[in-house]
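Working notes, beginning with the structure itself.
In this text the structure is predicted, and so the values were computed from the model without any measurement.
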Amino acid sequence: MRKTIVIAGASGYIGSNVMEQLKEEYDIIALSRSTKNKEDETHITWQCDLFLYVVDYALLSQ
């Protein structure tokens, strides 16, 4: 059974290299400020950074 890991900053230089090294062994949830032009791949799912959800929720709640 594959383990799942979360990589914050996955679209950056370090995060993208870490993701490439680990994607054969783990299912990855890749966090990034933007998911534009990001395609899900085998074992990689792109998600928008959680901080943006908190900020959006706070702004909408006002």
Hits for side chain to side chain donor-acceptor pair (under 3.5 Å) against Glu20, two or more places apart or cross-chain, chain-then-number order -> Lys23
Is there a side chain to side chain contact (heavy atoms under 4.5 Å, CB included) between Ile29 and Ile7 once you walk through the steps?
-> CA-CA 6 Å; Ile29 299 172; Ile7 299 177; over 6 Å; no
Closest approach of Leu22 and Ile28, non-hydrogen atoms and distance?
-> C-CD1, 4.0 Å
Going from CE on Met19 to CH2 on Trp46, what distance comes out if it is rounded to the nearest 0.5 angstrom?
-> 4.0 Å
Qualifying side-chain hydrogen bond (donor to acceptor under 3.5 Å, both in side chains) pairs with a residue from residues 6-16, counting only residues at least two apart or across chains | Ser11-Ser32
Can you sort out the partners of Asp27 under side chain to side chain donor-acceptor pair (under 3.5 Å), two or more places apart, ordered by chain and number?
-> Arg2, His43
